[in-house]
2 protein chains.
Amino acid sequence: MGRVTGDGTVGKALEVLDQVAAFGRPVRFGELLSQSDFPKPTLYRFVQTLTNQGMLAYNPERQTYSPGLRLVRLAHAAWDQSTLAPVARPHIDALSNAVGETVHLAQLDAAQVLYIDKRNAGKPVEMYSQAGKVGPAYCTGVGKVMMAFLDEVTADRVIEQQSFHVFTEHTLDTAEALRAELSDIRQNGYGFDREEHEPGIICVAMPILTDTGRVLGALSVTSTTSRTNLAGLEAYVPILRDTAAKITREAQNWSFPDYHTKEATRI
Amino acid sequence: MGRVTGDGTVGKALEVLDQVAAFGRPVRFGELLSQSDFPKPTLYRFVQTLTNQGMLAYNPERQTYSPGLRLVRLAHAAWDQSTLAPVARPHIDALSNAVGETVHLAQLDAAQVLYIDKRNAGKPVEMYSQAGKVGPAYCTGVGKVMMAFLDEVTADRVIEQQSFHVFTEHTLDTAEALRAELSDIRQNGYGFDREEHEPGIICVAMPILTDTGRVLGALSVTSTTSRTNLAGLEAYVPILRDTAAKITREAQNWSFPDYHTKEATRI
DNA sequence: AAACCAAGTTTCAAATAATGAGACTAGTTT
DNA sequence: AAACTAGTCTCATTATTTGAAACTTGGTTT
């Protein structure tokens, strides 16, 4: 969804990979076919190739395909080199201890929010279950603050790719409403999720920017309307700002990849 | 290393992806070129395509490439659907608590050991940093017990792909020595790492097999020669066997992908 | 400031690989 | 045993990849 297609054969093969992943369970060739735009033999060859390459795993007993182990290995490298996680970890820990609420670290990937790290209030870390998860950008705190600080061209592209599905009565459901909100966020320097994604769930979010203003990612503190309110969350703004600044400082040295290509095709 | 090449354009592109990941740090185009068999424009186009697709991330300030965020998202799905991790987690937790030593869960990927989960004695879980890591199969406990229970054809292919690099004075450095060891392991049903990979580090490992004998993965308990010895580790065999059996039972229901294709090219 | 150099990028005809309609096979149901 | 279904294979056509060479850009030296 929102992914650039038409990068030749490689792009098509990766599209198939995404489709398999999107099923969320092992999937049969036929199911994939009925859902795919590719003709049977073409899809078949892609699936074959990806399986040979370890990007898909094949279960011969059930004749099903699922995303392969090679991805886990590659993601390990991505995690280390292309995400804020290694640099941010100690600061996230400190933030989590200080606020005693759920903390998220996210980055943008193809117009979606990709959760990179998470600390559950109190509970021990239950990682991979959350890291790698994606969510909508237009109705989450982290998504909105990241979009707010993108350059105009990139922002337009990202906004255009939002689905504006209505999750709750507070969900912003048009590009115009979103643009207005992003403008507010730019003014304040931070943003909220006002039960826009899930009823009863609110959060305050802070962008992580380079000092040239490039978006690196975002942090958020999440709570529920039963425990606090927006004013209560706003009290966390100073510590969030501080944490973000620390992450920025360290990230500058290590230096991180950008979220746009020269080609303007990818976010 | 050990990966099947020659799956057309897609295979070549993924080879490039592996090369970038192998650098272990953001890498410039030129560095990649000097290390690659592809001619300049060909490599250039691959890198371009992969970047457009989010499989690589480009840092315009430093002009470097690193594995992209899309991999993190895809790996999340792989983790959930193609690994033993979700099923094994509670049992690994219990095992870790019971033995108070470092516990590993691993699977085979392309003749290498892929660590899927880990519990550090006492310390809090620090996930992704370990999950996705790869290691040699011929000189680790988990690697050897998995190889020992592969079917003959697959085992031959895997053994052939081992590097037999000598890490310590105890490293098995020939296919013959390894085959003898695997035979012993098959007899006992479990295996050890006798400081073969790192001096002072020893472990006892147990394969996780389906009841038809197919290899699903392996478990190990690791310690140091300063804290215990092989006889001490052997005491953990019953609980390891028990844990493996529990994981097998649950995995059967959920059912997992295999580690060989119909094509006999991929492990 | 001109010449040089290195790194990255683009071009385009030739070579190669991807494509997909259709045929085939194996397994299952009527 | 015929009809059906899901998966796999073939091969002429078509479209894409390929890479030598030329070009551009930014930085460094003379």
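So you know, we letter chains A, B, ... as the sequences are listed, proteins then strands, and number each from 1.
In this structure, F29(A) atom CZ and dA6(D) atom P are separated by 11 Å, rounded to whole Å. The OH atom of Y65(A) sits 15 Å away from the P atom of dA6(D) (whole-angstrom rounding). For the pair Y58(A) OH and dA6(D) C1', the computed distance is 11 Å after rounding to whole Å. In this entry the distance linking CG of L43(B) with P of dG8(C) reads 11 Å, nearest Å. Separating the CG atom of N59(B) from the P atom of dG8(C) is a distance of 13 Å, rounded to the nearest angstrom. Rounded to whole Å, the distance from CD on E15(B) to P on dT18(D) is 11 Å. Distance, L33(B) CG to dA6(C) C1': 12 Å, rounded to whole Å. If you measure from atom CZ of R62(A) to atom P of dG7(D), you get 15 Å, rounded to the nearest angstrom.
Using a distance-only test at 3.5 Å, with no hydrogens or angles considered, a donor-acceptor pair links the side chain of R186(A) to the main chain of A148(A). Of the possible polar contacts, none joining the D109(B) side chain to the Q112(B) backbone as a donor-acceptor pair under 3.5 Å is found. The backbone N or O of A175(A) lies less than 3.5 Å from no partner atom in the side chain of Q162(A), so there is not a single donor-acceptor pair.
Taking L43(A) as the reference, V16(A), F29(A), L32(A), L33(A), S36(A), F38(A), V47(A) meet the side chain to side chain contact (heavy atoms under 4.5 Å, CB included) condition, with sequence neighbours excluded. Partners of Y138(A) under the side chain to side chain donor-acceptor pair (under 3.5 Å) rule, at least two apart in sequence or in another chain, do not exist in this structure.
Side-chain nitrogen and oxygen atoms of Y44(A) include none within less than 4.0 Å of the OP1 or OP2 phosphate oxygen of dG7(D).
In this model, no donor atom of one side chain and acceptor atom of the other lie less than 3.5 Å apart for N52(B) and T49(B).
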Letter per nucleotide, 5' to 3', of nucleotides 15-27 of chain C [B base touched, S only sugar-phosphate touched, - untouched; heavy atoms, 4.0 Å]
--SSBBBB-----

